[in-house]
Amino acid sequence: MVEAIAAAQVLSEIGYLLRQQEKERFRAKAFSAASLALALERPDLDQLARTDALTSIEGVGEGIARVLNDLISTGESRYLNRLREHMNQPALADETQLDFADYKGDIHSHTDWSDGRATMLEMAEGARTMGYRYVGITDHSPRITVVHGLNAERLVAQSREMAEVQKRLDASAEGVGVALLQGIEVDILEDGALDLPDAVLEILDVVIASPHVKLRQEPAAMTARMLRAVSNPHVDVIGHPTGRRPGAREGATYDFEAVFKEAAKNGVALEIDCDPARLDLSPEMARLARDLGCDFVLDSDAHAPAEFAYVPMALWMARRAGIPKERIRNFRPDWN
Ligand SMILES: [Zn+2]
Ligand SMILES: [Zn+2]
């Protein structure tokens with residue numbers, strides 16, 4: 001028997017490995033899309049396999065159905081094993097076991113206040129559908145002008161809407177409701193300063209500082225920039241720490257060891273951004289950060305409610321990095 005979530009992770013890892021091969025981009029996207037459908041719909045795979053109906057799952061054609069059939073009948077994917085070998089990424093002895101059922105909440109998501117494609121209420125309902133206890137609403141800061149980033153004034157307006165949405169959620173909640181956390185994904189400027197003043201950052205529930213522009217800075221300058229960001233007392237998390245896009249864009253290069261050490265010292269968590277286009281930190285980099293004592297968050301960076309399912313899909317990233325549950329803040333009842 002194979003759970004849909006476990007199968008989603010296998011397809012997600014296949015998509016990740018294929019993405020790094022120029023000629024396989026299209027297939028990579030197909031695997032990621034099928035993985036998302038599995039994570040969202042959670043179909044009964046054994047039942048579908050018995051009735052030869054795996055292709056009834058959205059995005060699952062004959063090729064992906066063959067991979068699923070192999071997984072369902074043997075508990076392993078020979079295709080994934082071959083790909084790992086080919087990409088020189090063997091299974092390691094210290095991989096951890098992580099169960100999505102223990103994951104409590106996602107702290108990185110966007111709404112139509114910046115570049116998200118859904119309202120705050122729709123996103124909150126999406127988080128509730130996932131069974132989360134909390135969700136961070138972390139729209140962009142002003143510097144990202146193309147997406148209408150939030151300044152102090154708009155953050156105040158957003159907090160009023162958040163109070164309204166929270167009321168509506170509580171009124172319709174059965175059992176434990178989902179708590180909205182007001183946050184920001186604040187840009188790390190070229191010199192490592194942040195794109196909002198301290199007085200604004202300190203009143204927010206979640207501050208994710210992310211590098212978005214000028215990722216090709218000289219490593220020394222980039223190191224100084226990232227060191228300054230992880231030393232800001234208001235920063236909780238470094239979002240997608242390299243800015244890479246597997247198969248499309250190299251991430252920033254800096255003295256990772258120095259920055260990760262400083263993050264560990266200051267209690268700043270590093271993100272594994274589970275968006276299939278990012279998957280940043282990579283398992284290899286996350287492993288380095290683990291060895292240096294860092295905490296992690298596993299986030300979807302969702303721009304639409306369905307994208308919350310990026311986290312269950314990408315749980316394999318943390319497992320392959322050998323990160324224990326205790327070091328992942330989203331597994332805590334209060335993430336911070
Ligand atoms: Zn970002
Ligand atoms: Zn984001």
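Order of appearance sets the numbers: ligands from 1, and atoms from 1 within every ligand. The figures here come from the full heavy-atom set of this structure, side chains too, leaving out hydrogens, waters and symmetry mates.
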* Over 12 foreign heavy atoms within 6.0 Å of CD, Glu85 -> no

* Tell me, please, if His108 has any N/O/S atom, main chain or side chain, under 2.8 Å from the Zn ion (ligand 2)? => yes

* Asked: What N/O/S atom of Glu185 gets nearest to the Zn ion (ligand 1)?
  -> OE2

* **Over 12 foreign heavy atoms within 6.0 Å of CD, Glu284** => yes

* Between Asp112 and Glu122, does a side chain to side chain contact (heavy atoms under 4.5 Å, CB included) hold up when you go through it step by step? -> CA-CA 10 Å; Asp112 58 8; Glu122 288 165 337; 5.9 Å; no

* **2.8 Å cut-off met by an N, O or S atom of His110 to the Zn ion (ligand 2)** => yes

* Asked: With the Zn ion (ligand 1) at the apex, how many degrees lie between NE2 of His212 and NE2 of His240, rounded to 10 degrees?
  -> 100°

* Short check: any N/O/S atom of His140 below 2.8 Å from the Zn ion (ligand 1)? -> no

* Please report the C-alpha distance between Gln217 and Glu190 in whole Å, then the side-chain angles of each, then the deciding distance to 0.1 Å, and finally whether the side-chain hydrogen bond (donor to acceptor under 3.5 Å, both in side chains) criterion is met. => CA-CA 8 Å; Gln217 254 178 337; Glu190 276 98 307; over 6 Å; no

* Is there an N/O/S atom in Asp301 that lies less than 2.8 Å from the Zn ion (ligand 2)? -> yes

* **Check: His110/Glu307 side-chain N/O donor and acceptor closer than 3.5 Å** => no

